[in-house]
Amino acid sequence: MTRREDEIAVLVSQGLTSRQIAAAAHISERTVENHVQHILGKLGFTNRTQIATWIAAGRPGPTGTGTERTREGGRD
């Protein structure tokens, strides 16, 4: 994931709405929704609750260590 997607995932995990995330991240609500859809797709999730659970679990990647990162600085 990109750094921005990682940032949005953390805000989602805090229970913020797309509107609240947009205000906090200084982006449009539609951009937040796009980021959330990309996060869901990349992780194979279907809802925001799964994103929150993934964040709470320490962002486990393929090996379960939570430390995997891509070249973009985001998590796998």
Side-chain angles (χ1 to χ4, degrees):
M1 287 195 327
T2 66
R3 280 186 214 123
R4 186 59 134 182
E5 288 168 348
D6 195 53
E7 175 187 348
I8 299 301
V10 169
L11 295 171
V12 166
S13 76
Q14 294 172 357
L16 299 179
T17 66
S18 291
R19 182 170 292 176
Q20 291 168 323
I21 293 169
H26 307 289
I27 57 177
S28 75
E29 191 172 345
R30 180 69 182 133
T31 299
V32 171
E33 292 166 2
N34 285 335
H35 283 309
V36 170
Q37 287 305 310
H38 291 152
I39 294 163
L40 292 171
K42 287 180 178 183
L43 297 174
F45 295 160
T46 58
N47 60 62
R48 294 166 74 110
T49 302
Q50 290 173 303
I51 295 172
T53 301
W54 177 73
I55 293 291
R59 302 177 180 111
T63 61
T65 64
T67 59
E68 298 76 18
R69 297 180 87 56
T70 66
R71 283 182 284 145
E72 296 172 314
R75 301 216 179 245
D76 289 336

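For this chain, numbers begin at 1 and follow the sequence in order.
The CD atom of Glu7 sits 10.0 Å away from atom CD1 of Ile39, with the distance rounded to the nearest 0.5 Å. For the atom pair Thr31 OG1 and Arg4 CZ, the distance stands at 9.0 Å (nearest 0.5 Å).
Inter-residue side-chain proximity for Val32 and Leu11 is flagged as unmet; no heavy-atom pair is nearer than 4.5 Å. Counting heavy atoms from C-beta on, the side chains of His38 and Thr2 never come closer than 4.5 Å. Considering only heavy atoms from C-beta on, His35 stays 4.5 Å or farther from Ile21 through its side chain. A heavy-atom distance below 4.5 Å is found between the side chains of Arg48 and Ser18.
Ala9 approaches Ile55 most closely through the heavy-atom pair O-CG1, 3.8 Å.
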Discussion item. For a side chain to side chain contact (heavy atoms under 4.5 Å, CB included) check, start with the C-alpha distance between Leu43 and Glu5, then their side-chain angles and the critical distance, and finish with the verdict.
Written reply: CA-CA 11 Å; Leu43 297 174; Glu5 288 168 348; over 6 Å; no
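For the side-chain contact (heavy atoms from CB on, under 4.5 Å) with Val12, the lone residue among Thr49, Val36, Thr17 that qualifies is Val36.
No donor-acceptor pair under 3.5 Å is formed between the side chain of Gln37 and the backbone N or O of Asn34.
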